[in-house]
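Nothing here was measured: the structure is a model prediction, and the numbers come from that model. Here is how names work: the chains are called A, B, and so on, in the same order as the sequence lines, proteins then strands, and each is numbered from 1.
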Amino acid sequence: MLTRRIIPCLDVKDNRVVKGVNFLNLRDAGDPAELGARYSDEGADELVFLDITATIRSRKTIVELVERVAENVFIPFTVGGGIRSVEQMDALLRSGAEKVSVNTAAVENPEILTEGAERFGSQCVVLAIDARRTKGQSGKWHVTVKAGTEPTDIDAVEWAARGEELGAGEILLTSMDADGTKAGYDNELNKAISDAVNIPVIASGGAGTLEHLYDAIVDGHADAVLMASITHFGNYSIRQIKQYLRGRGIPMNL
Amino acid sequence: MFAMNYRRVMECIRLSYLTDGALCCSMACMIVVIDYNVGNVKSVCNAFRYIGCEVALSREAGAIRDAWGLVLPGVAAFGYAVSALGSASELVKEAASAGKPLLGICVGFQMLFDQSSEYGVHNGLGLISGKVGAIPPGRVIPHMGWNQVELPGDMDLFAGMGDRRHFYFAHSYCASVSDETAKVAYADYGFELVASAQKGNVYGTQFHPEKSGKCGLEVLRNFYNICQKGHGH
């Protein structure tokens, strides 16, 4: 049976891992390659590296970083942040990333999902959706771009379904409302999108307790859960997380 | 103090070796990973190096001929992979037919079979009888993540690894093996999914051993042992 995945996320800025509360007030949590290897040894199922600087200058840096990570990390990892072209995807995959995620580029140019899927296979192409609840409309979320700074009028659930049609092999779904709050995932959002697509959905944003992870899988129907602060700062080890979830009947690779 | 500095120096030497993909042995390289312009061949090389195996990335006839074992990696759509492999496919087929150990990974595994129906019908290498088709609908596709594989006791790739282990999968198409002489390992994805197959010296895994943590490295170590034995070591 396929297990549910536990995915620590490493936000990278200037070659260091940081984690912000609602993308502000960044704290330094260490070296990306070192943290990556630590998580790999601890039994994480996968890793996500998000380049939150994502400037032209940082593009070369992230490729070098991916190379360094890939030498010591033998679990899959996704790289995202500022990827604008299939050529950039190619460079990152060649450097050792298993998957690449796109957000803004896919909104501006949805074809990038199709081109990426045709060239690398859809399992390499992750559509990242940063969704925010639409004020005054219950059960509605809109897509935001540019690291959550710009709202669009695109419905998040419709966009997820379209992304699947276009070739995305997975959705990395972040609730911009829940992100950084440690008050739990937005499981209404997770469920709405998981039920609307047939590809795996990674729930992200809001993990604060072990129960939150359980809820995202059971109530939110998520195939995988992503977290940062609760593992980076040693609150819980990957093993503790997996033992807890397995104890509650969730299949785990433990 | 000395020990710490020494460790650092050794680490630097190891890293500089690892970061230079062009660095290769002067004698025949033990394992050649077939270089055919598809994504993420580097991870496979990294994993072999990590377990202490000499490895080179090449599609040259000489390197393929001299290798102790070959690895056909694969992160790409089947059709793209087959056309990118091009003339190297004959070299790989010849080497495998002559008894050289060959390990296909993911799409490289699928290419060992006769045919795939991914984005049109494409012919594979035909080293193991069988076809590659879409994972049956009614479940999450791609099959992505860690699934438990039941390990048959007689498959050399899984020697000493017990009855079942988790490995990392990421694929939308899967093989069905019609070759009755092939050994097959399965995972459960609501149907019996072919996770690995072996026919003589031809081995393959649908999962990614280079991305399956410690268990995956064990599989690669087993393949390395097979290559060494085949070479009389």
*chain A contact via S212(B) - side chain, backbone, both or neither, heavy atoms under 4.5 Å*: backbone
*Determine the minimum heavy-atom distance between S122(A) and P142(B), stating which atoms define it.*
OG-CG, 4.2 Å
*Quick one: do E118(A) and Y80(B) satisfy side chain to side chain contact (heavy atoms under 4.5 Å, CB included)? Show the steps, please.*
CA-CA 8 Å; E118(A) 280 174 4; Y80(B) 182 89; over 6 Å; no
*Contact class of R139(B) relative to chain A, heavy atoms under 4.5 angstrom*: backbone
_For the backbone of M1(A) and the side chain of D188(B), can you confirm whether one donor and one acceptor N or O come within less than 3.5 Å of each other?_
no
*Top contributor to chain B interface from A117(A), G96(A), S40(A) [non-hydrogen pairs under 4.5 Å]*: G96(A)
*Answer with side chain, backbone, both or neither: which region of L217(B) has an atom nearer than 4.5 Å to a non-hydrogen atom of chain A?*
side chain
*Are any of the side-chain heavy atoms of Q123(A) and F169(B) separated by less than 4.5 Å?*
no
*Considering residues, nucleotides and ligands other than E34(A), do more than 12 of their heavy atoms fall under 6.0 Å from its CD?*
no
*Mind listing the closest non-hydrogen atom pair of D45(A) and W146(B) along with its distance?*
O-NE1, 2.8 Å
*At what distance, to the nearest 0.5 angstrom, does SG of C215(B) lie from CZ of F74(A)?*
14.5 Å
*Evaluate the side-chain proximity of I141(B) to I199(A): yes if any heavy-atom separation is below 4.5 Å, no if none is.*
no
_Between T3(A) and chain B, with a heavy-atom cut-off of 4.5 Å, which part of the residue counts as in contact: side chain, backbone, both or neither?_
both
*Which atoms of A97(A) come close to chain B, meaning under 4.5 Å heavy atom to heavy atom: side chain ones, backbone ones, both, or neither?*
backbone
*What part of A187(B) is in contact with chain A, defined as an atom under 4.5 angstrom from a non-hydrogen atom: side chain, backbone, both or neither?*
neither
*Could you go through the side chain to side chain contact (heavy atoms under 4.5 Å, CB included) check for E71(A) and K42(B) one step at a time?*
CA-CA 9 Å; E71(A) 280 157 14; K42(B) 207 167 197 166; 5.9 Å; no
*asked:* If I measure from the heavy atoms of chain B, does M252(A) come under 4.5 Å with its side chain, its backbone, both, or neither?
replied: backbone
*Using a cut-off of 6.0 Å, state whether more than 12 heavy atoms not belonging to R248(A) lie near its atom CZ.*
yes
_Is it the case that over 12 heavy atoms from other parts of the model lie below 6.0 angstrom from the CD atom of E60(B)?_
no
*If you tally heavy-atom pairs under 4.5 Å against chain A, which of K211(B), H171(B), K214(B) wins?*
K211(B)
_Any non-hydrogen side-chain atom of Y168(B) less than 4.5 Å from a side-chain atom of I75(A)?_
no
*With a 4.5 Å cut-off on heavy-atom pairs, point out which of P251(A), G43(A), P200(A), A224(A) contacts chain B the most.*
P200(A)
